[in-house]
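The structure appears below as structure tokens.
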Amino acid sequence: MKRSLLVAAAVVLVLPAILSAQQSGKLTLTDYLEWEGVGQPQLSPDGTQIIYSRSWVDKVNDRRESSVYIMNADGSKPRRLVDGSGPVWSPDGTRIAYTATGQPSGNQIFVRYMDAEGAVTQVTRLTTAPTNLQWAPDGKSLAFTTPVPAPPSSWRVEGQLSDLRPRGATWTAAPRIVEKLDYRQDGQGFTSDTVQHIFVVPADGGTPRAVTSGEWSAGAPNFTPDGKTIVYGAGPRVPDAEYAWRESDIYAVDVESGRVRALTSRKGPDASPVVSPDGKLVAYTGYDHNTQTWTDSELYVVNIDGTNARVLYDMDRSPSNLTWAPDGSGVYFTVQNEGAQNLHVVTLTGQGRPVTKGAHMLAVSDIHQNGMAVGTLTAPQLPGDIISFNVLRPAEIKTLTAVNADLLHGKKLGAVEELWYTSVDNMRVQGWLVKPPDFDPTKKYPLMLSIHGGPHSMYNVGFNFAFQEHAANGYLVLYTNPRGSTGYGSEFGNAINNAYPSKDFDDLMKGVDTVIAKGNVDTQNLFVYGCSGGGVLTAWIVGHTNRFAAASANCPVINWLSFVGTTDGPGWYRNFLKMPWEDPTEHLKRSPLMYVGNVTTPTMLMTGVNDLRTPISQTEEFYEALKVRKVPTAMIRFNEEWHGTSAKPSNFIRTQLYLREWFKKHSRGVSPVGGGR
């Protein structure tokens, strides 16, 4: 009931605001409530059909839902099969496995027969959610991962307490005992009392059996062709493994006995193993251990017995989504580069090349033995849809779905202009500018600077609903990849090592100057916002310049001294030359809180109340400091949100509206076009 009221309130708020945009054929927030997504396409073993997930907004319950769809390989006859997500074909193509809500509660594994009857069986009845679903090669069982209780605590206090409790007394619940270094994770909560393990379960239902056990968590399972072994990535199996910073290895576990052997053992993070079709090799990603804040991974292979681990390919970009060529002749992988993502391939002799090219975000999820590849593709004015192409003819990409074409019919989107500019130290920086759909080159428009988080991540050329919707309300929207961003090589990504924020601030300001020089910016109405790493930089910006009319520092880090010990993991201690108790100078110097005395810019803060990555206490520190100095501010505390403010559909809408309302409140001179609308 509470959730439905939240959504209803949001819709009532939106409707008056969007009428003019609807009538003028622009993107609106009402469109977001009807927005659909597709993903995880998989070709049937015979190559004739594709299963995929199709998601939509459940407006009543304020969440995204998903169904499993099927269509012919040419995109014809798309139809819904069942509600659920993550569909995977059985090896013989007679069944699919997927996850969906089941009994007793939460996500469970289901199997559906692909004959005319279409019978569905709930395979598991777990108390924790299954993930990383994979069929055994013989189709008789399924492997998956799920958290299980960690070894019980050795504390005896509660047992002693029970002897003291009077009969019928109601006492406060026992405290949670925390003894691990890394004891909680954003989006999950406390994790110190669980360990993730690999299980197998009969495909027709039954009792899951643990394949891995003990105190060390296991990653996603990957069967060898004979089904006797599962390969996975995980942290080192050593005492005090939680202190092994940036270390992980590739392991193989015998499915029957549970005996585990290490395939890699070097100091450094090895991950994402994929077994070759003949079962003789394992491809994976990794790099040698170092203390840099960013290092691009290399592509490795190792023999299945753990011998002859070697670099197969290094292109100073991180490979992901490794997929063996069906004949085992090489490995396909996706690479993010300069805001785009494409498919590459490398042979076993180390000869690599791009398969696809273009300014788009292409994610390939399956490659059939006939050379047909399926995946998703999005571009600046193209929302994500399912595509296919033959790896021998990669230029002939065919779009198989158009799930938002009905919504976009008759609507004009904002043009997206790519920018390259030179920042300090002659550093070349890439960015993009979204223009209002009815952009008039003779007019001036308010400018929003949007800053990505991470800080090691990459804004890309994919369709961005938030940016397009802001542009539809009359704003120019600038988003850039300052130094520290990924997709430009290790040197560029590592340029903020022990120096964040610093010159990335200069990169952002040079981007604003570049757009202003084009002559279409209302320089009295510059606005800036960002979340997480973008919130850090927004807070840093208002402490170092007053050029912006208003700002919104969302889910920020404000004080590194208090942050490193309260975020969800100890790794941030490593992002400084010295520990804070040894010398806090660097922590203070890099903290936006230390520059609050310079702030005159009206600065709003928006953070999820459940945030464990950048805890809301960081937001509260900045808010109190700004209030003490009487700088115009507001703290927007988002309910039912972890890190970020847009996981719930209604909160995405709120984020858009609160931003524009704040910017409108503090605009200089003429109110920005669209303002809080």
Side-chain angles (χ1 to χ4, degrees), residues 181-191 293-294 450-459 466 482 484-486 496 498-502 504-505 508 528-543 551-576 580 584 586-596 599 603-626 633-648 651-652 654-655 658-659 662:
L181 174 67
D182 191 355
Y183 63 94
R184 59 182 182 170
Q185 288 294 314
D186 189 74
Q188 301 178 53
F190 285 92
T191 56
T293 58
W294 178 257
S450 179
I451 310 172
H452 71 61
H456 299 300
S457 62
M458 181 187 83
Y459 269 143
S485 299
T486 57
I496 59 171
N498 297 323
Y500 164 71
S502 62
D504 39 359
F505 163 78
L508 293 165
V528 59
Y529 74 94
C531 177
S532 193
V536 176
L537 277 162
T538 299
W540 185 267
I541 285 170
V542 297
S552 185
N554 307 335
C555 31
V557 175
I558 298 301
N559 180 354
W560 291 109
L561 280 174
S562 56
F563 170 78
V564 292
T566 56
T567 187
D568 60 340
W572 273 97
Y573 275 107
R574 306 278 188 164
N575 280 267
F576 297 84
E586 184 186 352
H587 292 72
L588 294 171
K589 182 180 179 181
R590 289 164 55 185
S591 293
L593 182 64
M594 295 298 100
Y595 306 93
V596 72
V599 179
T603 304
M604 181 173 68
L605 300 112
M606 300 196 294
T607 302
V609 297
N610 299 325
D611 195 332
L612 295 180
R613 185 64 43 80
T614 55
I616 199 165
S617 57
Q618 291 291 306
T619 291
E620 292 167 340
E621 280 197 62
F622 205 43
Y623 174 77
E624 288 291 345
L626 292 171
T633 186
M635 178 170 54
I636 315 298
R637 305 169 68 98
F638 278 73
N639 293 313
E640 298 188 54
E641 291 286 348
W642 296 92
H643 188 53
T645 61
S646 300
K648 293 285 184 180
N651 283 342
F652 172 85
R654 289 189 177 96
T655 298
Y658 275 115
L659 274 176
W662 182 253

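Worth knowing before you read on, the calculation uses all heavy atoms, side chains too, and leaves out hydrogens, waters and symmetry mates. Residues: numbered from 1 along the sequence shown.
- In plain terms, the two heavy atoms of Trp642 and Gly189 that are nearest each other are CH2-N, 3.5 Å.
- The only member of Phe622, Tyr500, Phe563 that meets side chain to side chain contact (heavy atoms under 4.5 Å, CB included) when paired with Val557 is Phe563.
- In this structure, the separation between CG on Asn610 and CZ on Arg637 is 10.5 Å, given to the nearest 0.5 Å.
- Listed by first and then second residue, the salt bridge (Lys or Arg N to Asp or Glu O under 4.0 Å) pairs involving residues 562-573 are Asp568-Arg613 (not counting sequence neighbours).
- Among residues two or more places apart in sequence or in another chain, the side chain to side chain donor-acceptor pair (under 3.5 Å) test is passed with Thr614 by Asp611, His643.
- Here Arg574 pairs with nothing under the salt bridge (Lys or Arg N to Asp or Glu O under 4.0 Å) rule; sequence neighbours left out.
- Under the rule for a ring pair (Phe, Tyr, Trp, His ring centres under 6.0 Å), the partners of Tyr595 that lie at least two apart in sequence or sit in another chain are Trp540, His544.
- Residues passing the salt bridge (Lys or Arg N to Asp or Glu O under 4.0 Å) test with Glu586, sequence neighbours excluded: Arg590.
- Minimum heavy-atom separation, Gln618 to Ser562: NE2-OG, 2.9 Å.
- The backbone N or O of Leu612 lies less than 3.5 Å from a partner atom in the side chain of Asp186, making a donor-acceptor pair.
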Thr486 vs Trp294, side-chain contact (heavy atoms from CB on, under 4.5 Å): CA-CA, chis, key distance, verdict: CA-CA 8 Å; Thr486 57; Trp294 178 257; 3.4 Å; yes

CA sep, side-chain torsions, deciding dist, call: Leu588, Leu561, side-chain contact (heavy atoms from CB on, under 4.5 Å): CA-CA 7 Å; Leu588 294 171; Leu561 280 174; 3.3 Å; yes

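- Within the 3.5 Å criterion, the main-chain N or O of Trp560 finds a donor-acceptor partner in the side chain of Ser591.
- Between the side chain of Trp662 and the backbone N or O of Ala551, at least one donor-acceptor pair lies under 3.5 Å.
- Nearest heavy-atom pair, Thr619 versus Pro556, reported as atom, atom and distance to 0.1 Å: OG1-CD, 3.3 Å.
- To the nearest 0.5 Å, atom OG of residue Ser485 and atom NE2 of residue His452 are 3.0 Å apart.
- Put simply, OG1 on Thr566 and CZ on Arg184 are 7.0 Å apart, with the number rounded to the nearest 0.5 Å.
- A donor-acceptor pair is defined here as one N or O able to donate and one able to accept, closer than 3.5 Å; no such pair exists between the side chain of Thr567 and the backbone of Val564.
- Within a 6.0 Å sphere centred on CZ of Phe652, other residues, nucleotides and ligands contribute more than 12 heavy atoms.
- Counting only heavy atoms from C-beta outward, the side chains of Ser646 and Asn651 never approach each other to under 4.5 Å.
- Distance CD1/Ile451 to OH/Tyr459: 8.0 Å, rounded to 0.5 Å.
- The nearest pair of heavy atoms linking Gly644 to Cys531 is CA-SG, 3.9 Å.
- The OH atom of Tyr658 sits 9.0 Å away from the CE atom of Met604 when rounded to the nearest 0.5 Å.
- In terms of the side chain to side chain donor-acceptor pair (under 3.5 Å) criterion, residue partners of Asp182 (sequence neighbours excluded) are, by chain and number, Gln185.
- Considering all non-hydrogen atoms of both residues, Thr645 and Gly608 come closest at CG2-N, 4.4 Å.
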Full working for side-chain contact (heavy atoms from CB on, under 4.5 Å) between Ser552 and Met606: CA-CA 7 Å; Ser552 185; Met606 300 196 294; 4.0 Å; yes

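- The OG1 atom of Thr293 sits 5.5 Å away from atom CD1 of Ile496, with the distance rounded to the nearest 0.5 Å.
- Ring orientation note: the planes of His587 and Phe576 are close to parallel, at an angle under 30° on the 30°/60° scale.
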side-chain contact (heavy atoms from CB on, under 4.5 Å) evaluation trace for Asn554 with Tyr529: CA-CA 7 Å; Asn554 307 335; Tyr529 74 94; 4.3 Å; yes

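- No salt bridge links Glu641 with Arg654; every basic N to acidic carboxylate O contact stays at or beyond 4.0 Å.
- Nearest heavy atoms, Asn559 versus Glu621: ND2-OE1, 3.1 Å.
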